[in-house]
Amino acid sequence: NKTEESYEVASDYVERIESIKFENEQQEAYTRGVAYNNLANCCNLLSKVSESEKNILKAIEVYEKLVEIDRDYYIEDLAESYYNLGVLYLSILEKILYNKCV
């Protein structure tokens, strides 16, 4: 299935990114943030809730530090990460409410 393949690609990408030392620390942080968000979204689609949350929180941590450096440039990435966290929590809530109704 394509979602599982996407998860594998995103997971491999995160592993590679974490092992590379960039010359530019900001670019390294930004690349990691993007990779964490992408992996988190794949995890959410596959109902890997704990792993999704872990990666979104990593992205948020990265972007919060980047916002301190250049708020105008990175604030949208931070907002997207918080949005992703909200979507994840909403999907958890929906599952809880669905199970109570069934």
Side-chain angles (χ1 to χ4, degrees):
N1 118 13
K2 295 293 183 190
T3 305
E4 188 65 41
E5 288 177 33
S6 297
Y7 168 77
E8 293 298 328
V9 169
S11 184
D12 289 344
Y13 185 66
V14 166
E15 283 182 30
R16 277 190 257 136
I17 291 301
E18 289 180 338
S19 68
I20 296 173
K21 183 64 180 163
F22 290 67
E23 289 183 28
N24 182 310
E25 288 182 26
Q26 270 183 260
Q27 185 60 43
E28 178 179 355
Y30 178 77
T31 302
R32 286 181 188 211
V34 170
Y36 293 141
N37 265 330
N38 289 340
L39 180 55
N41 289 334
C42 290
C43 291
N44 192 15
L45 291 172
L46 292 168
S47 297
K48 297 180 180 208
V49 175
S50 175
E51 187 176 352
S52 181
E53 181 183 40
K54 178 184 82 172
N55 283 291
I56 294 171
L57 293 174
K58 283 182 178 181
I60 288 171
E61 183 180 331
V62 165
Y63 289 131
E64 283 179 341
K65 290 177 183 172
L66 288 171
V67 164
E68 290 176 11
I69 296 168
D70 187 343
R71 184 183 195 289
D72 292 338
Y73 191 79
Y74 296 110
I75 195 69
E76 288 180 22
D77 298 298
L78 179 59
E80 180 183 359
S81 297
Y82 276 112
Y83 173 81
N84 290 342
L85 188 61
V87 168
L88 175 66
Y89 290 158
L90 182 59
S91 71
I92 294 168
L93 181 60
E94 286 174 343
K95 288 175 188 171
I96 291 169
L97 292 175
Y98 177 78
N99 287 334
K100 285 185 177 183
C101 293
V102 174

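- Counting heavy atoms from C-beta outward, Lys54 and Cys43 have side chains that stay 4.5 Å or more apart.
- No continuous path of hydrophobic side-chain contacts links Tyr73 to Phe22 [ILVMFWY only; heavy atoms under 4.5 Å].
- Shown are Asn37, Val62, Val34; of these, the side chain to side chain contact (heavy atoms under 4.5 Å, CB included) with Ser81 is made only by Asn37.
- A distance of 7.5 Å separates OH in Tyr89 from CD1 in Ile56, rounded to the nearest 0.5 Å.
- The distance from the CZ atom of Arg32 to the CG atom of Leu39 is 14.0 Å, given to the nearest 0.5 Å.
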Listing, residues 9-20 side-chain donor-acceptor contacts under 3.5 Å, not counting sequence neighbours, or none:
{"residue": "Glu18", "atom": "OE2", "partner": "Tyr36", "partner atom": "OH", "Å": "2.8"}
{"residue": "Ser19", "atom": "OG", "partner": "Arg16", "partner atom": "O", "Å": "2.8"}

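- In this structure, Asn44 contributes its side chain and Ala40 its backbone to no donor-acceptor pair below 3.5 Å.
- In this structure, the salt bridge (Lys or Arg N to Asp or Glu O under 4.0 Å) partners of Lys65, at least two apart in sequence or on a different chain, are Glu61.
- Heavy atoms of other residues, nucleotides or ligands lying less than 6.0 angstrom from CD of Glu64 number more than 12.
- Connection of Tyr83 to Leu66 is not established within any shared hydrophobic cluster, with ILVMFWY side chains joined at heavy-atom distances below 4.5 Å, either directly or through further cluster members.
- Transitive grouping of hydrophobic side chains (ILVMFWY, heavy atoms separated by less than 4.5 Å) keeps Leu90 and Leu97 in distinct clusters.
- Neither side chain, Glu80 nor Tyr63, offers a donor N or O lying under 3.5 Å from an acceptor on the other.
- Looking at heavy atoms from C-beta onward, Asn84 lies out of side-chain contact with Leu88 at the 4.5 angstrom threshold.
- Linking ILVMFWY residues whenever their side-chain heavy atoms come closer than 4.5 Å, directly or via other members, leaves Tyr98 and Leu46 in distinct clusters.
- With 3.5 Å as the limit, one finds a donor-acceptor pair spanning the side chains of Tyr7 and Glu51.
- Hydrophobic clustering keeps Leu45 apart from Ile92 (ILVMFWY residues linked when any side-chain heavy atoms are closer than 4.5 Å, directly or through intermediates).
- Within the 4.5 Å cutoff, the side chain of Tyr74 has no heavy atoms near those of the Glu68 side chain.
- The backbone N or O of Lys48 lies less than 3.5 Å from no partner atom in the side chain of Ser52, so there is not a single donor-acceptor pair.
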